Asks: 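Questions regarding the structure given below will be posed in turn.
For clarity, every value in this text was computed on a predicted model and none was experimentally measured.
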Amino acid sequence: MTARIERPLSPHMQVYRWTLTMALSIVHRATGIALYVGTLLLAWWLIAAASGPAAYAHVQAFTGSIIGRLIVFGYTWALMHHMLSGIRHFVWDLGYGFKANEREALTWGALIGGIALTVLVWIIAYATGGGR
């Protein structure tokens, strides 16, 4: 008779303890999807700008509304977070930042940096008159 070889089994998802690194890795993928959708809004704006004042006024009316501003704010955050999280992944691809404290620092940097850059972009936009 042959002895049964005990192979390690992959634990179920409920066994894993969620970490910030895991969550932000998933958020990185979600922001990538959000950027695709937001780019449709950007394309709509560019096409309207090329189509004339009436079409441009419709887009500006939408993006000037509360829901429009929330969508554009979310797009800005998705762009900033995805960029910084992409840099985090690039650092890992280079073989750095795998120690626990380095991993945590990169993750917190991407999270806080994405929020801070988003707020900074919007402050600058309103200060220069672009956010009327």
Side-chain angles (χ1 to χ4, degrees):
M1 282 181 111
T2 60
R4 183 174 176 167
I5 299 172
E6 293 294 322
R7 294 186 296 180
L9 299 175
S10 179
H12 192 269
M13 284 300 294
Q14 293 174 341
V15 175
Y16 286 109
R17 182 181 64 86
W18 280 87
T19 63
L20 185 63
T21 306
M22 287 171 72
L24 285 190
S25 197
I26 293 168
V27 170
H28 178 72
R29 290 169 178 83
T31 56
I33 294 167
L35 290 176
Y36 275 107
V37 175
T39 301
L40 293 175
L41 181 63
L42 179 61
W44 180 36
W45 179 73
L46 290 171
I47 292 167
S51 297
Y56 187 72
H58 288 312
V59 175
Q60 286 299 96
F62 174 72
T63 57
S65 69
I66 296 293
I67 190 77
R69 287 185 190 260
L70 284 174
I71 290 171
V72 175
F73 185 83
Y75 180 75
T76 308
W77 173 78
L79 185 64
M80 296 302 163
H81 176 79
H82 196 78
M83 175 188 66
L84 293 177
S85 193
I87 292 170
R88 175 176 61 116
H89 282 277
F90 181 66
V91 168
W92 289 341
D93 288 345
L94 292 175
Y96 301 105
F98 287 114
K99 293 179 184 168
N101 61 337
E102 295 169 344
R103 209 173 46 242
E104 288 292 313
L106 285 171
T107 303
W108 279 106
L111 179 63
I112 294 169
I115 294 167
L117 283 175
T118 300
V119 170
L120 182 64
V121 164
W122 277 71
I123 288 171
I124 291 170
Y126 273 95
T128 60
R132 295 175 220 234

Asks: Can you tell me if F98 has over 12 outside heavy atoms packed within less than 6.0 Å of its CZ?
Replies: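 Buried by this count: over 12 neighbours within 6.0 Å.
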
Asks: F62 and W44: which non-hydrogen atoms are nearest, and at how many Å?
Replies: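 Taking F62 first and W44 second, the nearest heavy atoms are CD2-CZ3, 3.6 Å.
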
Asks: Before giving the answer on side chain to side chain contact (heavy atoms under 4.5 Å, CB included), spell out for L117 and M83 the whole-Å C-alpha distance, their side-chain angles and the decisive distance to 0.1 Å.
Replies: CA-CA 11 Å; L117 283 175; M83 175 188 66; 4.0 Å; yes

Asks: Indicate if L46 and I71 have the same hydrophobic cluster label, given that clusters are the connected sets of ILVMFWY residues with side-chain heavy-atom separations under 4.5 angstrom.
Replies: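 Result: yes, single cluster for both.
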
Asks: Could you pull out every donor-acceptor pair under 3.5 Å between side chains of residues 104-115 and any protein atom, sequence neighbours left out?
Replies:
from	atom 1	to	atom 2	distance (Å)
T107	OG1	T21	OG1	3.2
T107	OG1	R103	O	2.8

Asks: Only counting residues at least two apart or in another chain, list the ones meeting side-chain hydrogen bond (donor to acceptor under 3.5 Å, both in side chains) with T118.
Replies: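 Here no residue qualifies.
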
Asks: Counting only heavy atoms from other residues, nucleotides and ligands, does the tally under 6.0 Å from CZ of F73 exceed 12?
Replies: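 It does: F73 CZ has more than 12 such atoms within range.
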
Asks: Given a cutoff of under 4.5 Å between side-chain heavy atoms of I, L, V, M, F, W and Y, with clusters grown through shared members, what are the other residues clustered with I66?
Replies: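 Listed partners: L70.
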
Asks: Can you list the residues that meet the side-chain contact (heavy atoms from CB on, under 4.5 Å) rule with F90, with sequence neighbours excluded?
Replies: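 Here the qualifying residues are L94.
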
Asks: Suppose we screen for side-chain hydrogen bond (donor to acceptor under 3.5 Å, both in side chains). Which residues come up paired with S65, at least two apart in sequence or across chains?
Replies: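 side-chain hydrogen bond (donor to acceptor under 3.5 Å, both in side chains) list for S65, sorted by chain: empty.
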
Asks: Atom CG of L24 and atom CG of L84: how far apart are they, to the nearest 0.5 Å?
Replies: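 Separation between the atoms: 11.0 Å.
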
Asks: Going only through I, L, V, M, F, W and Y residues with side-chain contacts under 4.5 Å, is there a path from I67 to V72?
Replies: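 Yes; V72 is reachable from I67 via cluster members.
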
Asks: Are Y126 and L79 co-members of a hydrophobic cluster defined by side-chain heavy atoms under 4.5 Å apart?
Replies: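 L79 and Y126: one cluster.
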
Asks: Hey, could you give me the OG/CZ distance between S85 and R29, rounded to the nearest 0.5 Å?
Replies: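 If I round to the nearest 0.5 Å, the distance is 9.0 Å.
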
Asks: Please list, chain by chain and in numerical order, all residues satisfying ring-ring contact (aromatic ring centres under 6.0 Å, His included) with H28, sequence neighbours excluded.
Replies: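 H28 satisfies ring-ring contact (aromatic ring centres under 6.0 Å, His included) with H82, H89 once adjacent residues are dropped.
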
Asks: How far does CE of M80 sit from OG1 of T31, to the nearest 0.5 angstrom?
Replies: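 If I round to the nearest 0.5 Å, the distance is 12.5 Å.
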
Asks: Please list, chain by chain and in numerical order, all residues satisfying side-chain hydrogen bond (donor to acceptor under 3.5 Å, both in side chains) with S51, sequence neighbours excluded.
Replies: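 Result, side-chain hydrogen bond (donor to acceptor under 3.5 Å, both in side chains) vs S51: none returned.
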
Asks: Check for a donor-acceptor pair, side chain of T39 on one end and backbone N or O of L42 on the other, with a separation under 3.5 Å.
Replies: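 Side chain of T39 to backbone of L42: no pair is present.
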
Asks: Taking only residues two or more places apart in sequence, or in another chain, which ones meet Y75 in a ring-ring contact (aromatic ring centres under 6.0 Å, His included)?
Replies: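 Counting only residues at least two positions away or on another chain, Y75 forms no ring-ring contact (aromatic ring centres under 6.0 Å, His included).
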
Asks: With sequence neighbours excluded, what pairs up with Q60 under the side-chain contact (heavy atoms from CB on, under 4.5 Å) test?
Replies: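 Result, side-chain contact (heavy atoms from CB on, under 4.5 Å) vs Q60: W45, Y56, T63.
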
Asks: Could you tell me which residues satisfy side-chain hydrogen bond (donor to acceptor under 3.5 Å, both in side chains) with W77, sequence neighbours excluded, listed by chain and number?
Replies: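 By the side-chain hydrogen bond (donor to acceptor under 3.5 Å, both in side chains) rule, W77 matches no residue at all.
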
Asks: My understanding is that only residues two or more places apart in sequence, or in another chain, count here; which of them pass side-chain contact (heavy atoms from CB on, under 4.5 Å) with A48?
Replies: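 With sequence neighbours excluded, A48 shows a side-chain contact (heavy atoms from CB on, under 4.5 Å) to A55, V59, given in chain and number order.
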
